[in-house]
Amino acid sequence: MAVVRMHRFRVARADLENLLAQRRTLIDGIRLANPGLTETRLTRLEDGTYLDTWRWDRAENMLAAIAAAQGVPLVDATEALMLEASALTGEIIDENP
């Protein structure tokens, strides 16, 4: 069953372009190593925070990617740009595309 991993964070205005570039590189690398990443979406919310939603085909693929990302310099550098970051994981139980 499909799952999503959502990260909510703030980013300094001066760091936004760098974060976007690093995020694109990370997504490309993760998709090469793990084709279970089916969709990503970054949303700027009205309160100025960002919600980064990554959809995975299965929880196992998401967990494998999270484990593989530990200690990767680009992951650490990208996370360092995120202020007040939090993450949630959820199982998709209904959708209407």
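Just so you know, residue 1 is the first one in the sequence shown, and it goes up from there.
The CG atom of L20 lies 9.0 Å from the CG atom of N18; values are rounded to the nearest 0.5 Å. To the nearest 0.5 Å, atoms CE (M1) and CZ (R58) are separated by 13.0 Å.
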Under the criterion side chain to side chain contact (heavy atoms under 4.5 Å, CB included), I'd like the reasoning laid out for V11 against L83: C-alpha separation, chi angles, the key distance, then a yes or no. CA-CA 6 Å; V11 62; L83 310 171; 5.9 Å; no
Could you please spell out the steps behind the side chain to side chain contact (heavy atoms under 4.5 Å, CB included) verdict for L45 and Y50? CA-CA 6 Å; L45 303 175; Y50 292 83; over 6 Å; no
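In this structure, I93 places its CD1 atom where only 12 or fewer heavy-atom neighbours from other residues, nucleotides or ligands lie under 6.0 Å away. Summarising the local packing, CZ of R31 is surrounded by more than 12 heavy atoms from other residues, nucleotides or ligands at distances under 6.0 Å.
Applying the salt bridge (charged side-chain N to carboxylate O under 4.0 Å, His left out) test to every pair with at least one member in residues 12-29, sequence neighbours left out, gives these pairs: R23-D52. Under the side chain to side chain donor-acceptor pair (under 3.5 Å) criterion, the residue pairs touching residues 33-43 are E39-R41, with sequence neighbours excluded. Pairs of residues two or more places apart, or lying in two chains, that qualify as side chain to side chain donor-acceptor pair (under 3.5 Å) and include a residue from residues 87-97 are R5-T89, R55-E95. Sequence neighbours left out, the pairs with a member in residues 71-82 that pass side chain to side chain donor-acceptor pair (under 3.5 Å) are Q22-T78.
Looking only at atom types and distance, the side chain of R8 has a donor-acceptor partner in the side chain of T49 under 3.5 Å away.
Listed by chain and number, the hydrophobic cluster partners of V3 are I27, I30, L37, W54, W56, M62, L63, I66, where partners are ILVMFWY side chains within reach of under 4.5 Å, directly or through others.
Taking hydrophobic clusters as Ile, Leu, Val, Met, Phe, Trp and Tyr residues chained together by side-chain heavy-atom distances below 4.5 Å, L51 does not share a cluster with F9. The hydrophobic clustering, which links ILVMFWY residues whose side-chain heavy atoms are closer than 4.5 Å, places V72 and L81 apart.
Residues forming a side-chain hydrogen bond (donor to acceptor under 3.5 Å, both in side chains) with R10 (at least two apart in sequence, or on another chain): E84.
For the residue pair L74 and T25, the shortest heavy atom distance occurs at CD2-CG2, 3.5 Å.
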